[in-house]
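Take a look at the structure set out below.
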Amino acid sequence: MSETKHRHFIQRIIDEDNVTGKFDNRVHTRFPPEPNGHLHIGHAKAICLVFGIAEEYGGGCNLRFDDTNPIAEEEKYVDAIQNDVRWLGFEWDNLCFASNYFQQMYDYAVQLIKQGNAYVCDLTGEEIKKSRGTLREPGKDSPFRNRSIDENMDLFNRMKNGDFPNGSKTLRAKIDMEHPNLNMRDPVIYRILHANHHNTGNDWCIYPMYDWAHGLEDSIEGVTHSLCSIEFEDHRPIYDWYLDMLDVYHPQQIEFARLNLSYTVMSKRMLKRLVEGGFVNGWDDPRMPTLSGMRRRGYTPESIRNFMDEVGIAKRENVMEIAKLEAKLRDDLNKRAQRRMAVLNPLKVIITNYPEGKVEELDAINNPEDESAGSRKVPFERELFIEQDDFIEDPPKNFFRLGPGREVRLRYAYFITCNNVIKDEQGNIVELHCTYDPETKGGNAPDGRKVRGTIHWVSANESIDADVRLYDRLFTISDPSSSDNFEDVLNPDSLIALNECKLERSLSDVGLEEHIQFERLGYFYKDPDSTNGMPVFNRTVPLRNTWAKLEKQQQNQKN
RNA sequence: UGGGGCGUCGUCUAAUGGCAGGACAGCGGAUUCUGGUUCCGCCGGUUGGGGUUCGAAUCCCUGCGCCCCAGCCA
């Protein structure tokens, strides 16, 4: 179909490098998360990109933990991140830790000092900030800028040995305090942090800053193309400066735009607030855009990867509509999910002309998209449950389902006609009395008559109970980060927990890894909160619902 | 404001001097024992102004708008 597949700007750069032989036709990328939080759908874009590039060019990709800040980082995130990357479907060539290069990084810093390109500065954080200048004013040189190499060597050595308290000294690059790029105004290379590191313990009390560490990590690992997000664009000069000064192998940093998704947040800060404020139930809450949350909700890695194939790689800001992700999800689930019947909000139906005590086993197709999935038996009897939404006493125009005197098809079963509506004292509908047409067994009328509606159902006595959790977007506005008050734009209906839902019997032994379509409702996925007695299902995503859309339109017209 | 980056349908994204195309969304229709799926059709865009050119989204000039940077975070 599609002739020449479009190549994005990063592929073009690499193609060009492979023509000129810039990296000896080698391609090696890396995914460099800091182990200080969970991976989210935004990371997935980067993961798919860097692992995808490596695969496409027959190169390699490292998973590298950028663990240069012991205060923020924890071992548990190291494990969680590996788990998430694997779940997405990628395997790294090397598992690396920035902290494994601490000695090399230190040695390089010594080299820089000896070259006269770095100095130990006694300014406090506040003083550094002041002397850095502003966007329009140049900075001022630190009074410690011209210490001798010997003095710097001695001081730096003592910094490493733990002679000084936190924050009392830094090692800084001697570049240019008047540089228009603030990152070049004598950036800090090392800071003193007497802290326990998840990997190196108490071996070090000085830790490298990102700008110093990252390029060295790339260089040490022989990375060719170091892909990162756009906000690091003004860090590229410092990335290049360090590697040039050290005269070491020099990878190329290339920046691309990160992924944003409508109706959700991606910043670690906001995600953390959601968790710590108790607005969601943990990092793997199925409403969270974290990979662990999406996994629990029932997203498939394939659907996420397919989505990433279409988001595009470019430099401009972008906000992908969540609808596109969901389209990819449905697309994947439609093909793989077996169909079952489940009634979320049950309404009792008595088939008055059906013999008491009789149970028939009817054939139901497991997946119309996959013949090999076969079929199953569903029990039919005199007492059934249907969805409350599938009956309206005074049906509006275009409503095809059940109403007084109306005939509909019970899927895979019989045509039934509603004769009687039973209400309680408050006037709530509690039961429907219907009659069935025995000639329509299986769902077809021999006389050729048609019904507009087909509804799902479960047997009252042969069904099992379950809790079902319905999820919706977490926020009411497309760009929640634009709001000052986080809580104002939280969707109060992002989770609707239903109890005593009625499931088809065959759902009693569904596995934790199985994606199921509840017919006419959506795709569902069993939650680990399930117990032996009470299964819990998460709604991954609802089916497209043109009736709901119509209904909304009709309501809007009334108003 | 100094520096860096970015502007193409509602949203993403192609076209890199030669018919502005695709996906999602929206709208309409066909098929259907899921108001699902599938299929068909429609709608809709080059940030403004000037210039170069037979021809400009693309090149030049000049506006305008948006994003990022003043952590001893990454």
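Proteins come first, then strands; the chains are lettered A, B, ... in the order of their sequence lines, and each starts at number 1.
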Which nucleotide, rC24(B), rA74(B), rG35(B), lies nearest any side-chain atom of R544(A)? rC24(B)
Counting any heavy atom closer than 4.0 Å, what does Y412(A) reach on the DNA or RNA strands: base, sugar-phosphate only, or nothing? base
Just by distance, do the side chain of T440(A) and the backbone of G443(A) share a donor-acceptor pair under 3.5 Å? no
Rounding to the closest angstrom, what is the interatomic distance between rG55(B) and rC43(B) at atom P? 29 Å
Span that lies between the C1' atom of rG44(B) and that of rU38(B), in whole angstrom: 25 Å
Give a yes or no on whether a donor-acceptor pair under 3.5 Å exists between the nucleobase atoms of rG10(B), that is its base, and the side chain of E321(A). yes
Decide, for rG4(B), between syn and anti: a glycosidic angle within 90° of 0 counts as syn, anything else as anti. anti
Contacts of V451(A) meeting side chain to side chain contact (heavy atoms under 4.5 Å, CB included) (sequence neighbours excluded), chain-then-number -> E407(A), R409(A), F415(A)
Suppose we call a contact any N or O donor and acceptor under 3.5 Å apart; does that hold for the side chain of H8(A) and the base of rA14(B)? no
Take atom P in rG36(B) and the same atom in rG45(B), then report the distance between them in whole Å. 29 Å
Given that both distances must come in under 3.5 Å, which nucleotide forms a Watson-Crick or G-U wobble pair with rG65(B)? rC6(B)
Comparing nearest nucleotides in RNA chain B, the 5'-proximal residue of the pair I313(A), A323(A) is I313(A)
rA74(B) phosphate, OP1 or OP2: any side-chain N/O from T68(A) under 4.0 angstrom? yes
Nearest to the side chain of N181(A), heavy atoms from C-beta on, is which of rG3(B), rU38(B), rG5(B)? rG3(B)
Can you check the N183(A) CG to rC73(B) C1' distance for me, whole Å? 13 Å
Winner on side-chain proximity to R520(A), out of rG5(B), rG35(B), rG2(B), is rG35(B)
Length of the CD-P vector between E310(A) and rG22(B), whole Å: 14 Å
Quick check for you: among rC72(B), rC24(B), rA74(B), whose closest atom lies nearest to any side-chain atom of A327(A)? rC24(B)
From the candidates rG35(B), rA23(B), rG26(B), the one with an atom nearest any side-chain atom of K324(A) is rA23(B)
K549(A) side chain N/O closer than 4.0 Å to the phosphate oxygens (OP1, OP2) of rC27(B)? yes
With rounding to the closest Å, how many angstrom separate the P atoms on rA14(B) and rG22(B)? 15 Å
Is it true that Y207(A) and F102(A) have ring centroids separated by less than 6.0 Å? yes
Under 4.0 Å between a side-chain N/O of Q553(A) and OP1 or OP2 of rC27(B), yes or no? yes
Side chain of R339(A), base of rU34(B): donor and acceptor closer than 3.5 Å? yes
Within the 4.0 Å heavy-atom criterion, would you say R12(A) contacts the bases, only the backbone, or no part of the nucleic acid? base
Which nucleotide wins on minimum distance to the side chain of E231(A), given the candidates rC27(B), rU34(B), rC68(B)? rC68(B)
Please tell me if T546(A) has a side-chain N or O lying less than 4.0 Å from either OP1 or OP2 of rG36(B). yes
Spacing between L333(A) atom CG and rU38(B) atom P, to the nearest angstrom: 13 Å
Inter-nucleotide P distance (rU53(B), rC66(B)), Å rounded: 35 Å
Along RNA chain B (nearest heavy atom to each residue), the more 5'-positioned of K169(A) and R236(A): R236(A)
Pick base, sugar-phosphate or nothing for P542(A), based on heavy-atom distances below 4.0 Å to the nucleic acid. nothing
Give a yes or no on whether the backbone of G453(A) and the side-chain of R401(A) come within a donor-acceptor separation of less than 3.5 Å. no
Euclidean distance for C1', rA56(B) against rG49(B) (whole angstrom): 15 Å
Answer yes if the ring centres of Y106(A) and Y101(A) are under 6.0 angstrom apart, and no otherwise. no
Is there a donor on the side chain of R136(A) or the base of rU1(B) sitting less than 3.5 Å from an acceptor on the other? yes
Looking only at the side chain of R191(A) (C-beta and beyond, no hydrogens), which of the listed nucleotides rG2(B), rA74(B), rG5(B) gets closest? rA74(B)
Using a heavy-atom cut-off of under 4.0 Å over every strand shown, decide if E137(A) touches base, sugar-phosphate, or nothing. nothing
Could you say whether the aromatic ring of Y210(A) and the base of rA74(B) stack, counting only centre distances under 5.5 Å and plane angles under 30°? no
Distance, rounded to the nearest Å, where L193(A) contributes CG and rG71(B) contributes P: 17 Å
Kindly indicate whether the side chain of E369(A) and the base of rG36(B) share any N or O donor-acceptor pair separated by less than 3.5 Å? yes
Please classify the nucleic acid contact of H456(A) as base, sugar-phosphate, or nothing, using heavy-atom distances under 4.0 Å. nothing
Quick one: does K129(A) reach the base of rA70(B) with a side-chain donor-acceptor pair under 3.5 Å? no
Using the P atom as the reference point in each nucleotide, state the distance between rG4(B) and rC42(B) in Å, no decimals. 46 Å
Please pick, from rC24(B), rG4(B), rA15(B), the nucleotide with the shortest atom-to-atom distance to any side-chain atom of H6(A). rA15(B)
Looking at R132(A), does any N or O in its side chain come under 4.0 Å of the phosphate oxygens OP1/OP2 on rC72(B)? yes
Taking the P atom of each, how far is rC12(B) from rU46(B), in whole Å? 16 Å
Spacing between D240(A) atom CG and rG4(B) atom C1', to the nearest angstrom: 14 Å
Would a line drawn from the ring center of F537(A) to the ring center of F518(A) be shorter than 6.0 Å? yes
Tell me whether E217(A) contacts the main-chain N or O of A98(A) through its side chain, where contact means a donor paired with an acceptor under 3.5 Å. no
Centroid-to-centroid, H515(A) to Y523(A), below 6.0 Å? no
Mate of rU58(B) where both pairing distances stay under 3.5 Å, Watson-Crick or G-U: none
is_close_aromatic(H214(A), Y210(A)), centroid dist under 6.0 Å: yes
Heavy-atom donor-acceptor pair, D234(A) side-chain to rG3(B) base, under 3.5 Å: yes
Nucleotide rC72(B), atom P - distance to CH2 of W204(A) in whole Å: 21 Å
No-H, no-angle donor-acceptor pair, R316(A) side chain to rG5(B) base, under 3.5 Å: no
Nucleotide paired to rC27(B) in any strand shown, Watson-Crick or G-U, under 3.5 Å: rG41(B)
To the nearest angstrom, the NZ-C1' distance between K552(A) and rA25(B) comes to 13 Å
Report the nucleotide, chosen from rG4(B), rA70(B), rC12(B), that has the shortest atom-to-atom distance to any side-chain atom of L182(A). rA70(B)
Which nucleotide in the list rU34(B), rU37(B), rC73(B) gets nearest to the side chain of E34(A)? rC73(B)
Can you find a side-chain donor-acceptor pair between D67(A) and S99(A) that sits under 3.5 Å? yes
For I365(A) and rU34(B), give me the distance from atom CD1 to atom P, rounded to whole Å. 10 Å
